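Down below is the structure, laid out as structure tokens.
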Amino acid sequence: MISSMRLVVAIVSLAVLAFAIPQTASADDAGDFLKQLQGSWRGRGQATIPGREEAERITCQVNNIYEEVSAELRVTGECASTLGKTPVNGMLSHNGSNVSGSLINAYKGATVTKSVGSIVAQSLEVSSNFVDNATGNLTRTRQVVHMSEGGFTADFYTFDNSTGTFKAAGSLTFSLN
């Protein structure tokens with residue numbers, strides 16, 4: 001199983017990557033949506049870390065740059081919890097309304113094996129699979145982004161093999177720096 005800090009990094013990083021457009025924005029496709037994510041964002045929230053009963057507070061600072069020629073959103077920054085700080089580096093690319101990519105480029109110890117998403121009614125949903133390089137264990141995640149006053153909220157979920165369902169793992173609310 002992926003270590004607790006690695007899983008938090010994965011969940012938070014994916015949530016950070018799956019984020020926000022200003023409330024007044026209109027996005028016809030994923031490119032329009034991702035272009036509106038440019039800027040410097042600050043996020044706060046909580047996540048439940050496997051093996052712990054209480055949710056951990058998480059804070060993030062990210063900077064997003066949309067590259068028109070390659071149709072990619074590049075994300076850099078840092079997230080922190082009570083377990084420590086970790087860099088967040090990622091990329092989302094698109095083709096029409098479809099979103100894909102290696103969402104976490106600097107995620108050590110795991111390989112992203114699948115990452116797909118789409119824009120639906122001004123929201124972005126991204127599902128990803130990670131394989132722990134040391135153990136071969138698979139972790140499945142899902143992020144759903146909802147617009148909120150002055151920013152966005154990214155809700156994230158992990159798949160529970162024992163119940164066969166996704167369970168809430170946390171939520172981060174982002175606003176412009």
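Since we're looking at a predicted model, the values are computed, not measured.
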(message) Restricting to non-hydrogen atoms, name the atom on Val126 and the atom on Leu124 that form the minimum distance, rounded to 0.1 Å.
(response) CG2-CG, 3.9 Å
(message) If I take atom CG from residue Leu73 and atom CD from residue Glu67, how far apart are they, to the nearest 0.5 angstrom?
(response) 9.0 Å
(message) Can you list everything that forms a side-chain contact (heavy atoms from CB on, under 4.5 Å) with Ser118? Sequence neighbours excluded, please.
(response) Val120
(message) For Gln61, give me all partners under side-chain contact (heavy atoms from CB on, under 4.5 Å), at least two apart in sequence or on another chain.
(response) Arg42, Asn177
(message) Listing request: all salt bridge (Lys or Arg N to Asp or Glu O under 4.0 Å) pairs with a residue in residues 160-177, at least two apart in sequence or in separate chains.
(response) Asp160-Lys167
(request) Measure the OG1-CD distance between Thr59 and Glu78 for me, rounded to the nearest 0.5 Å. (result) 8.0 Å
(message) Please find the pair of heavy atoms, one from Asn133 and one from Ala110, that lie closest to each other, and give the distance.
(response) ND2-N, 3.4 Å
(request) Measure the CZ-CG distance between Arg74 and Asn63 for me, rounded to the nearest 0.5 Å. (result) 13.0 Å
(message) Which residues pass the side chain to side chain donor-acceptor pair (under 3.5 Å) test with Thr173, not counting sequence neighbours?
(response) Thr153
(message) The test is side chain to side chain contact (heavy atoms under 4.5 Å, CB included); show your working for Val62 and Thr76 and say whether it passes.
(response) CA-CA 6 Å; Val62 296; Thr76 58; over 6 Å; no
(request) Please lay out, stage by stage, how Leu34 and His94 fare under the test side chain to side chain contact (heavy atoms under 4.5 Å, CB included). (result) CA-CA 9 Å; Leu34 294 176; His94 70 90; 3.8 Å; yes
(request) Keeping the roles fixed (side chain from Ser93, backbone from Ser100), state whether a donor-acceptor pair exists under 3.5 Å. (result) yes
(message) Give me the atom names and distance for the closest heavy-atom approach of Val99 to Ala30.
(response) CG2-CB, 3.7 Å
(request) Using modelled atom types only, decide if a donor and an acceptor are shared between the side chain of Thr111 and the backbone of Thr113 within a distance under 3.5 Å. (result) no
(message) Using every non-hydrogen atom in the two residues, find where Phe174 and Cys60 come nearest and quote the distance to one decimal.
(response) CE2-CB, 4.2 Å
(message) Test of understanding: with side-chain contact (heavy atoms from CB on, under 4.5 Å), list the residues that count as partners of Phe159, not counting sequence neighbours.
(response) Arg140, Asn161, Phe166
(message) Side chains of Val112 and Asn129, heavy atoms from C-beta outward: is any pair under 4.5 Å?
(response) no
(request) Apply side chain to side chain donor-acceptor pair (under 3.5 Å) to Thr163 and list each qualifying residue two or more places apart in sequence or on a separate chain. (result) Thr165
(message) Looking only at the side chains, is there a donor atom on one of Asp155 and Ser171 sitting less than 3.5 Å from an acceptor on the other?
(response) yes
(request) Hey, could you give me the CD/CD distance between Gln46 and Glu54, rounded to the nearest 0.5 Å? (result) 9.0 Å
(message) I want to check something: taking the side chain as every heavy atom from C-beta on, are Lys35 and Glu68 in contact at a cut-off of under 4.5 Å?
(response) yes
(request) Go through the steps for Lys114 and Val116 under the test side chain to side chain contact (heavy atoms under 4.5 Å, CB included), then give the verdict. (result) CA-CA 7 Å; Lys114 179 181 178 185; Val116 296; 4.2 Å; yes
(request) Give a yes or no on whether the backbone of Asn98 and the side-chain of Asn95 come within a donor-acceptor separation of less than 3.5 Å. (result) no
(request) Look up atom CZ in Phe130 and atom OG1 in Thr139, then write down how far apart they are to the nearest 0.5 Å. (result) 8.0 Å
(message) Rounded to the nearest 0.5 Å, what separates atom CG in Leu92 from atom OG in Ser115?
(response) 6.5 Å
(message) Using every non-hydrogen atom in the two residues, find where Leu172 and Ile58 come nearest and quote the distance to one decimal.
(response) CD2-O, 4.0 Å
(request) Mind checking side-chain contact (heavy atoms from CB on, under 4.5 Å) for Ala168 and listing every partner two or more places apart, or none if nothing turns up? (result) Tyr157
(message) For a side chain to side chain contact (heavy atoms under 4.5 Å, CB included) check, start with the C-alpha distance between Trp41 and Leu176, then their side-chain angles and the critical distance, and finish with the verdict.
(response) CA-CA 5 Å; Trp41 298 89; Leu176 287 171; 3.7 Å; yes
(request) Decide yes or no for Arg142 and Glu125: does some side-chain heavy atom of the first lie under 4.5 Å from some side-chain heavy atom of the second? (result) yes
